[in-house]
Amino acid sequence: MDAISVIRAKRDRGRLSDEQIDWVIDAYTRGEVADEQMSALAMAILLNGMDRAEIARWTAAMIASGDRMDFSRLSRPTADKHSTGGVGDKITLPLAPLVAACGAAVPQLSGRGLGHTGGTLDKLESIPGWRAELSNDAMMTVLDEVGAVVCAAGDGLAPADKKLYALRDVTGTVESIPLIASSIMSKKIAEGTGALVLDVKAGSGAFMKNIEDARELASTMVGLGNDHGVRTIALLTDMSVPLGLTAGNALEVRESVEVLAGGGPADVVELTLALAREMLDAAGLPDADPVKALADGRAMDVWRRMVRAQGGDPDAPLPTARERHTVTAPATGVLAELDAYAVGVAAWRLGAGRARKEDAVQAGAGVELHAKPGEPVVAGQPLMTLHTDTPDAFGYAVEALEGAFSVAAPDAAPAPRPIVLDRIG
Ligand code: URA
């Protein structure tokens, strides 16, 4: 077997055989296939695609490149959630403790943000003392004792994907449905969860800008999960406007705690409950009542124990940015549009996100919204507050927001958009 014949096969629109896939993933992980060869193959896959059987084999080979975790000794069924990422998507923070409070174990191996969408670990790291790195044994202990753990994925899980994702990131080959589906699912299957709920986002702030692509990605991932014995379903959800009223690390933690305290923005509460019901159902706990667990404070109790178990202080004040700038409504009427991508880029430029993996993020930076589409606004009222430690960033953030929102006459107000657009599985 050699890399050039595998590249040529896909370049010429052929199918890769099982043997070719197994060999190329293994040889790339061992360093025998060079980065430039894998880049060429990734580009050929992006341009010419892979069929379902090829994607399944590619995923299996990436799982086989590393360790598989085993949660079978836990007394509770496991359920996990994966979001394809969006602006203001802090749902993991209230969701993991809520589902744990209802009887499931939630092993949430998460990542850091890159580009305009935030990372769950960056958000939690804004809590004083909280640390993301746990050994496998420590993770099991937290899962056993608290019921939910959010931590960094260890290096042993799907190492082929780790290498390949970094390569795709710098070669313009991220946006391929077969490569995205196999990348996400190899990690989730290797993680060993029994049930998995996918939140596949569609809209300007998401990877998938249109619902057809989101649907194809979702059904590919649902098929891969179920074929590997993981009960998998997907919700397709709207990401054309930011989720909730905050985008930025500590700002999003604050909003998540509001949800756990029984308040918070309606869209965040609705999506948290929809995903919780799906996770509990898939975990074999269909009678659990997440509305009650949120209302009676059980979810908040698990949150506090979960934060403490990883060194964090749930009572410590969250960091705030040193400088603020207000963006006001240009007219009186109804807020008609608020583009998720633009808000994500603004938060990123303010310091909430990173451009390169090694960059640091500012805990207090981000965008706070004072109105969502469909709500009345008065000319001159604050529409957004921008937060940063580096005031030079205000100009770039305001630039990102140019044309991102509009105010319409009340009778021209847009119809409210549902959060959950479809369910697959
Ligand atoms: N997230 C992943 O883990 N992999 C991708 O390819 C895209 C998003």
Side-chain angles (χ1 to χ4, degrees), residues 25 28-29 35 38-39 41-47 49-50 54-56 58-63 65-66 69 80-87 89 91-92 107-123 132 150-193 196-203 205-209 213-225 228 230 232 234 236-237 239 340-341 344 348 353-354 357:
I25 295 283
Y28 179 57
T29 311
D35 275 347
M38 199 53 159
S39 309
L41 181 58
M43 185 58 83
I45 292 171
L46 181 134
L47 295 173
M50 287 201 284
E54 287 175 289
I55 301 171
W58 188 274
T59 307
M62 294 217 290
I63 296 167
S65 73
M69 299 196 63
D80 192 7
K81 185 262 321 188
H82 177 84
S83 158
T84 55
V87 178
D89 184 2
I91 298 293
T92 295
Q108 187 81 54
L109 303 186
S110 299
R112 292 194 166 72
L114 195 62
H116 75 280
T117 63
T120 299
L121 300 182
D122 295 320
K123 295 172 203 199
V150 183
C151 63
D155 286 343
L157 227 50
D161 176 64
K162 200 165 201 151
K163 219 173 150 187
L164 180 55
Y165 193 21
L167 187 71
R168 287 166 55 216
D169 204 30
V170 293
T171 55
T173 51
V174 169
E175 299 89 345
S176 148
I177 288 178
L179 292 178
I180 297 173
S182 55
S183 165
I184 292 172
M185 293 307 290
S186 62
K187 287 174 285 206
K188 289 290 153 185
I189 295 164
E191 174 198 293
T193 183
L196 176 65
V197 176
L198 299 163
D199 178 359
V200 180
K201 302 207 173 282
F207 253 125
M208 298 292 138
K209 306 294 177 203
D213 287 345
R215 191 171 279 118
E216 188 185 337
L217 177 62
S219 71
T220 307
M221 292 196 290
V222 167
L224 286 171
H228 280 88
V230 180
T232 309
L236 297 188
T237 69
M239 188 27 74
Y341 179 69
W348 176 32
R354 54 172 72 74
K357 274 198 279 302

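Just so it is clear, the structure is predicted and the values come from calculations on it, not from any experiment. Side-chain atoms are counted along with the backbone in the values below, which use heavy atoms only and exclude waters and symmetry mates. When a ligand or atom number is given, it counts from 1 through the structure's own listing order.
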K201-S83 side chain donor-acceptor pair, cut-off 3.5 Å: no

Subset of ligand 1 atoms that lie under 4.0 Å from at least one heavy atom of F207: 7 (C), 8 (C)

Protein heavy atom at shortest distance from atom 3 (O) of ligand 1: K187 NZ, 2.5 Å

Salt-bridge contact D155-K162 (side-chain N to carboxylate O under 4.0 Å): yes

Contact check, side chains of K188 and L224, non-hydrogen atoms, under 4.5 Å: no

Backbone or side-chain N or O of H82 under 3.5 Å from ligand 1 N or O: no

Shortest non-hydrogen contact between I180 and E175, atoms and distance: CD1-CA, 4.2 Å

Polar atom proximity, S183 to ligand 1 (N or O, under 3.5 Å): yes

Within-4.5 Å side-chain heavy-atom neighbours: L41 and Y28: no

Contact check, V174 vs ligand 1, heavy-atom distance below 4.0 Å: no

Protein contact to atom 7 (C) of ligand 1 [nearest heavy atom, distance to 0.1 Å]: Y165 OH, 3.4 Å

